[in-house]
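This report concerns only the one structure given below.
Only a predicted model underlies this, so the values are computations on that prediction, with no experimental measurement involved.
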Amino acid sequence: GARRAHDVPARTTQTTLPDGESAQVAYARVRDPAGLDWLVVVAVPHEAVLRQVQAGFRTSVWVAAAASGAAIVLGLLILATLRRELSVLAEMAHRIGAGEGPQPVDTQRRDELGELGRSLAQMQQRLLTDPLTGLSNREAALRRVRERIVQGRRRQDDQRFAVLFVDFDRFKQINDRFGHEAGDLVLRELAARLVARVRNQDLVARYAGDEFLVVLEPVMRRQDAETVRSDLERAMREPLTSLESQGVVDTLGHGASIGLALYPDDGQDADTLVRAADADMYRRKGSAAGGGEQTH
């Protein structure tokens, strides 16, 4: 409530006690509800007051120092983590740009580093994927063959695998007669047929234009690869439903010439194997009944 007329605000002073010790004195005059006047005096030895003040000050200093130290340590840890993870992402980006094999990227984070990781993963996927068919592209296929050869040499085994070079007959005539949109539909259909006729562990890739690579692994005997080749050739001669869906009647006739190369019999590196399969494809195209396109 309001201050009474006889109330005196608390005041402090310093005095000397009879024993010579300095003391801090606080006093106040108050009147209670019964009308009595009271003089309240508190005396504390000065050293005790200083000790309390000093103890409080030291405590505050230690708390502040501990908080500052913790903040500095935490900041250094965060900075070290960020530098380490940014270094990893930068190295991944460098390897992807240099054309090295697929790089594992952490895409589970929900912060900026996770966003950067997802961007790298998407870039890596685009670099190794054919945008029209969704298959692996030429670079991805060649990497697969090279990595397979390196793995075999490390294991010191002679497990075989086969490379099939697939070239679709008369594709240029389809493009010229029915248009590039129809040609794109045909390429997607052919890609789906190839994928459907091989095993899950095999690779189907679009090499260039109407050319595809199929990597079969493992292959126990050449005859096993020959069997797959015959099956794919039959699949390529089936009617093109993608043209029929556009109301186009295909009277050109079509199919595919497929060359085969077996590792290590026909080559011991990726480029040699692909060239061998390509040369075998041209031999089959040239000897096929009715001839066929000799250029593409």
Side-chain angles (χ1 to χ4, degrees), residues 87-107 116-168 187-188 190-220 222 224-225 228-229 232 256 258-282 296:
S87 177
V88 170
L89 291 174
E91 179 64 19
M92 288 179 179
H94 174 74
R95 291 181 179 179
I96 292 171
E100 297 183 15
Q103 304 298 318
V105 180
D106 180 12
T107 59
L116 180 57
R118 286 185 288 275
S119 297
L120 282 175
Q122 292 169 1
M123 180 179 69
Q124 180 173 259
Q125 184 66 22
R126 286 194 298 270
L127 289 174
L128 299 177
T129 302
D130 173 54
L132 177 64
T133 63
L135 297 176
S136 298
N137 60 17
R138 174 176 181 160
E139 179 62 28
L142 293 176
R143 286 186 186 181
R144 172 73 169 266
V145 175
R146 293 184 185 116
E147 290 169 0
R148 175 64 183 80
I149 293 173
V150 170
Q151 290 171 4
R153 289 173 179 169
R154 287 175 179 171
R155 295 194 300 261
Q156 297 184 342
D157 63 30
D158 57 352
Q159 190 176 63
R160 297 179 175 183
F161 67 92
V163 175
L164 302 181
F165 197 105
V166 183
D167 180 74
F168 188 62
L187 288 176
R188 293 192 186 100
L190 295 177
R193 288 187 190 182
L194 292 172
V195 171
R197 297 299 182 103
V198 299
R199 302 164 298 183
N200 290 336
Q201 68 264 33
D202 299 328
L203 174 72
V204 179
R206 186 183 180 197
Y207 192 73
D210 60 329
E211 298 171 341
F212 296 84
L213 279 187
V214 180
V215 181
L216 305 174
E217 60 170 323
V219 173
M220 302 303 296
R222 182 178 292 271
D224 296 333
V228 175
R229 169 161 65 177
L232 293 179
I258 303 178
L260 187 155
L262 192 67
Y263 173 85
D265 304 27
D266 301 320
Q268 298 188 19
D269 62 79
D271 293 337
T272 302
L273 284 169
V274 172
R275 285 197 300 267
D278 186 34
D280 186 47
M281 179 273 295
Y282 271 107
H296 40 259

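- Put simply, the side chain of Asp224 does not reach to within 4.5 Å of the side chain of Arg160, judged on heavy atoms.
- Taking CG from Leu135 and OG1 from Thr129, the interatomic distance works out to 9.0 Å, rounded to the nearest 0.5 Å.
- Here the side chains of Asp167 and Tyr207 are not in contact, with every heavy-atom distance at 4.5 Å or above.
- In this view, Arg154 satisfies the salt bridge (Lys or Arg N to Asp or Glu O under 4.0 Å) rule with no residue, not counting sequence neighbours.
- For Asp130, the side-chain hydrogen bond (donor to acceptor under 3.5 Å, both in side chains) partners two or more places apart in sequence, or in a different chain, are Thr133, Arg206.
- The salt bridge (Lys or Arg N to Asp or Glu O under 4.0 Å) test applied to Arg197 returns Asp231, Glu238, not counting sequence neighbours.
- Qualifying side-chain hydrogen bond (donor to acceptor under 3.5 Å, both in side chains) partners for Arg148, counting only residues two or more places apart in sequence or in other chains: Gln159, Glu217.
- For the salt bridge (Lys or Arg N to Asp or Glu O under 4.0 Å) test, no residue two or more places apart in sequence or in another chain qualifies with Asp269.
- Qualifying side-chain contact (heavy atoms from CB on, under 4.5 Å) partners for Arg222, counting only residues two or more places apart in sequence or in other chains: Glu226, Leu260, Leu262, Asp265, Asp266.
- Evaluation of the side-chain hydrogen bond (donor to acceptor under 3.5 Å, both in side chains) rule for Ser136 yields no partner, not counting sequence neighbours.
- Take Tyr263 and apply the ring-ring contact (aromatic ring centres under 6.0 Å, His included) test, not counting sequence neighbours, and it matches Phe161.
- Applying the salt bridge (Lys or Arg N to Asp or Glu O under 4.0 Å) criterion to Asp280, with sequence neighbours excluded, gives Arg229, Arg283.
- The shortest distance between side-chain heavy atoms of Phe165 and Ile258 does not fall below 4.5 Å.
- Partners of Asp271 according to the side-chain hydrogen bond (donor to acceptor under 3.5 Å, both in side chains) rule, which considers only residues two or more places apart in sequence or in another chain, do not exist here.
- Looking at Val166 and Leu190, their side chains never come closer than 4.5 Å, going by heavy atoms from C-beta outward.
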